[in-house]
Trainee: 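Below is a structure I'd like to ask you about.
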Amino acid sequence: MLTRLNKGKDILTKEITDIDYAAEIDRLRKEMNAVILAHYYQEPEIQDTADYIGDSLQLARAAEKTNADVIVFAGVHFMAETAKIINPDKLVLIPDMNAGCSLAEGCPAPLLQKFKDKHPGHILISYINCSAEVKAISDIICTSSNAGKIVGQIPPDTKIIFAPDKNLGRYLIKKTGRDMVLWQGACIVHETFSSKKILQLKLEYPGAKIIAHPECEESILDNADFVGSTSALLDFAEKNESAEFIVATEPGILHQMEKNCPGKKFISAPPESACSCNECPYMKLNTMEKLYNCMKKRSPEIIMDETLRSKAYLSIQRMLDMSE
Ligand code: 13P
Ligand code: SF4
């Protein structure tokens, strides 16, 4: 009896593992006229299957420009939600609906509204890592690649609230010289890097450049040779003559760095404790199997109330116009 059961289980497992996900995803992509957008923090196989790989801004732009009927977003929820805000008539799919973001979760719209009410006369600039509800009460959205440009365009006498990332906010205050009231949110991944361990690595690799995402804490950014969004870090690694880089962001980006820069060495910045907490647990919820299943079942789908969407669209549209 037990053997028969095990045999059944074996057949089932075989059926599941026998699927060539890359080929099946490709077939479905053509059948559905779908475009697959993937963030740099996705697993290498997902990046290799995607039509576009990019940072938050590049993916929002790809979503804006696509002619596909279906957008499959291999990233986290706020990214897929942004694609839906830009494309209300398209089907927007996400492999795992639970792929959230600690920044978005740590900034609920009702609390941010109260914070806003305490600071009358301020405009609200929100980092794209936030919910549609937060986007709807924001004046302008920014990403890590256009934040400096956007803050730089705000008239000097306009007071600014920046939410939800305090580390990016603090970095922008230093970079632009603009004072801003900061919401105290942070990314659970970028807060794990240890400056002590990074400096120890630097002793081991004295020629290495330290490159960091602006969501990292101040002590990391102060020691970095270059600070930028994921696409800016990739670009720096490609153009800089150094042969070694210590990378303080989610290690998913190393896949493109290694692909685009043969012969260069990329060392992932270590977290404080001996864990793999420098990997984004939300981004890594997506797998090839889930990507395939969401296309096959046309679900989970991002669904949004039209009043909310049209309010959120205004702040995204301002960002797209201001970062032309
Ligand atoms: P990018 O703007 O560099 O894509 O950053 C998004 C993100 O979630 C970083 O943690
Ligand atoms: Fe959010 Fe941080 Fe994950 Fe980026 S790395 S999606 S900011 S939790």
Side-chain angles (χ1 to χ4, degrees), residues 37-43 46-47 50 52-63 73-83 94-107 125-131 134-135 141-151 162-169 171-172 183-193 211-217 220-221 224 226-237 247-257 268-269 271 275-286 316 319-320 323:
L37 309 180
H39 191 267
Y40 289 122
Y41 296 164
Q42 292 293 286
E43 295 290 1
I46 297 184
Q47 293 190 34
Y52 294 98
I53 316 155
D55 68 7
S56 309
L57 181 63
Q58 291 171 325
L59 295 176
R61 287 221 178 278
F73 215 114
V76 290
H77 189 264
F78 76 81
M79 296 178 175
E81 213 175 40
T82 303
I94 181 164
D96 191 319
M97 201 48 118
N98 295 318
C101 167
S102 63
L103 276 168
E105 282 161 20
C107 187
I125 303 182
S126 295
Y127 187 34
I128 198 163
N129 298 37
C130 64
S131 65
V134 164
K135 290 183 174 80
I141 298 303
C142 72
T143 75
S144 55
S145 58
N146 62 16
K149 196 171 180 182
I150 288 189
V151 171
F162 187 83
D165 188 10
K166 63 175 181 190
N167 292 316
L168 174 60
Y171 170 73
L172 286 170
W183 176 270
Q184 296 297 305
C187 159
I188 50 164
V189 176
H190 288 86
E191 284 226 312
T192 60
F193 296 118
I211 58 175
H213 195 280
E215 285 175 19
C216 292
E217 287 180 328
I220 308 282
L221 300 182
F226 179 76
V227 175
S229 70
T230 44
S231 61
L233 297 181
L234 179 61
D235 191 55
F236 182 84
V247 186
T249 193
E250 214 273 358
I253 186 73
L254 264 62
H255 181 56
Q256 293 305 319
M257 288 178 170
S268 206
C275 58
S276 55
C277 30
N278 57 347
E279 289 195 14
C280 176
Y282 304 101
M283 287 276 181
K284 296 310 198 247
L285 279 178
N286 294 332
I316 291 177
M319 168 187 84
L320 294 172
S323 54

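Ligands are counted one by one from 1 in listed order, and the atoms in each one are counted from 1 as well.
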Trainee: Taking the inter-plane angle between the rings of F236 and F226 on a 0 to 90° scale, is it parallel (under 30°), tilted (30 to 60°) or perpendicular (over 60°)?
Mentor: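 Aromatic pair F236/F226 classed parallel.
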Trainee: Please tell me if the side chains of H39 and C280 come closer than 4.5 Å, counting only heavy atoms from C-beta onward.
Mentor: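 The answer is no; the side chains never approach within 4.5 Å.
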Trainee: Among all protein heavy atoms, pick out the one at the shortest distance from atom 8 (O) of ligand 1; state its residue, atom name and that distance to 0.1 Å.
Mentor: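 Here the nearest protein heavy atom works out to N129 ND2, 3.2 Å.
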Trainee: Using a 3.5 Å distance criterion without hydrogens, assess whether the side chain of Q58 forms a donor-acceptor pair with backbone atoms of Y52.
Mentor: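 Looks like no, no N/O pair under 3.5 Å.
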Trainee: Counting each atom of ligand 1 from 1 as listed, which ones have a heavy atom of Y41 under 4.0 Å away?
Mentor: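 Once the distances to Y41 are compared, the set is 7 (C), 9 (C), 10 (O).
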Trainee: Tell me the protein heavy atom at minimum distance from atom 2 (O) of ligand 1, and give that distance in Å.
Mentor: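 Here the nearest protein heavy atom works out to S144 OG, 2.7 Å.
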Trainee: Less than 4.5 Å apart, any side-chain heavy atom of T143 and any of S229?
Mentor: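 They are not in side-chain contact.
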Trainee: State if E250 counts as touching ligand 1 under the rule of any non-hydrogen atom under 4.0 Å.
Mentor: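 The answer is no: ligand 1 sits nowhere under 4.0 Å from a heavy atom of E250.
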Trainee: What atoms of ligand 2 come closer than 4.0 angstrom to any heavy atom of C280?
Mentor: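 Near C280, the atoms of ligand 2 are 3 (Fe), 5 (S), 6 (S), 8 (S).
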Trainee: Tell me whether N286 contacts the main-chain N or O of G75 through its side chain, where contact means a donor paired with an acceptor under 3.5 Å.
Mentor: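 A pair under 3.5 Å: yes.
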Trainee: Could you tell me which atoms of ligand 1, counted from 1 in the order shown, lie closer than 4.0 angstrom to a heavy atom of H39?
Mentor: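 Those atoms are 1 (P), 4 (O), 6 (C).
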Trainee: Give a yes or no answer on whether the side chain of K166 reaches the backbone of A186 with a donor-acceptor pair at less than 3.5 Å.
Mentor: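 Looks like no, no N/O pair under 3.5 Å.
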Trainee: Run the numbers for me: atoms of ligand 1, each under 4.0 Å from some heavy atom of T230, listed by number.
Mentor: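 Under 4.0 Å from T230, ligand 1 has these atoms: 1 (P), 3 (O), 4 (O).
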Trainee: Could you tell me which atoms of ligand 1, counted from 1 in the order shown, lie closer than 4.0 angstrom to a heavy atom of D55?
Mentor: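 Checking each atom against D55, I get 1 (P), 3 (O), 4 (O).
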Trainee: For ligand 1, which atoms have a heavy atom of S229 less than 4.0 angstrom away?
Mentor: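 Heavy-atom distances to S229 below 4.0 Å select 3 (O).
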Trainee: Which of the atoms in ligand 2, numbered in the order shown and given with their element, are less than 4.0 Å from a heavy-atom of E215?
Mentor: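 So the atoms of ligand 2 that pass are 2 (Fe), 7 (S).
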Trainee: Do any N/O/S atoms of C187 come under 2.8 Å of atom 2 (Fe) of ligand 2?
Mentor: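 Yes, within the cut-off.
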Trainee: List the closest protein heavy-atom neighbour of atom 5 (O) of ligand 1: residue, atom name, distance to the nearest 0.1 Å.
Mentor: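 For atom 5 (O) of ligand 1, the nearest protein heavy atom comes out as H213 NE2, 3.2 Å.
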Trainee: Could you tell me whether the side chains of Y282 and S102 share a donor-acceptor contact shorter than 3.5 Å?
Mentor: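 No pair is found: no donor N or O on one side chain lies under 3.5 Å from an acceptor on the other.
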Trainee: Decide yes or no for P164 and Y127: does some side-chain heavy atom of the first lie under 4.5 Å from some side-chain heavy atom of the second?
Mentor: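 SC-SC contact between P164 and Y127 confirmed.
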Trainee: State the atoms of ligand 1, each with its element, that fall below the 4.0 Å cut-off from a heavy-atom position in H190.
Mentor: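 Ligand 1 atoms under the 4.0 Å threshold to H190: 10 (O).
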Trainee: At a 4.0 Å threshold, what atoms of ligand 1 neighbour a non-hydrogen atom of S56?
Mentor: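 Matching atoms, with element in brackets: 1 (P), 2 (O), 4 (O), 5 (O), 6 (C).
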Trainee: Using the test salt bridge (Lys or Arg N to Asp or Glu O under 4.0 Å), find all partners of K284 that sit at least two apart in sequence or belong to another chain.
Mentor: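 E250.
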Trainee: Tell me, which protein residue and heavy-atom name are nearest atom 9 (C) of ligand 1, and how many Å apart are they?
Mentor: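 So the nearest neighbour among protein heavy atoms is E215 OE2, 3.1 Å.
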Trainee: So among E191, E215, H190, which one has a side-chain hydrogen bond (donor to acceptor under 3.5 Å, both in side chains) with N167?
Mentor: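 Between N167 and the candidates, side-chain hydrogen bond (donor to acceptor under 3.5 Å, both in side chains) is satisfied uniquely by E191.
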Trainee: Considering only heavy atoms of L103, which atoms of ligand 2 have at least one such atom less than 4.0 Å away?
Mentor: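 Close to L103: 7 (S).
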Trainee: Does some non-hydrogen atom of E250 fall short of 4.0 Å from ligand 2?
Mentor: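 Judged by the 4.0 Å heavy-atom criterion, E250 does not count as contacting ligand 2.
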Trainee: Less than 4.5 Å apart, side chain to side chain, heavy atoms only: is that true for M283 and M79?
Mentor: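 Touching, per the 4.5 Å side-chain cut-off.
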Trainee: Is a donor on one side and an acceptor on the other found under 3.5 Å between the side chain of D165 and the backbone of L103?
Mentor: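 No: the side chain of D165 does not pair with the backbone of L103.
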Trainee: Of all the atoms in ligand 2, which lie at a distance below 4.0 Å from a heavy atom belonging to Y282?
Mentor: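 Matching atoms, with element in brackets: 8 (S).
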Trainee: Checking only N/O/S atoms, does C101 have one that is under 2.8 Å from atom 1 (Fe) of ligand 2?
Mentor: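 C101 does place an N, O or S atom closer than 2.8 Å to atom 1 (Fe) of ligand 2.
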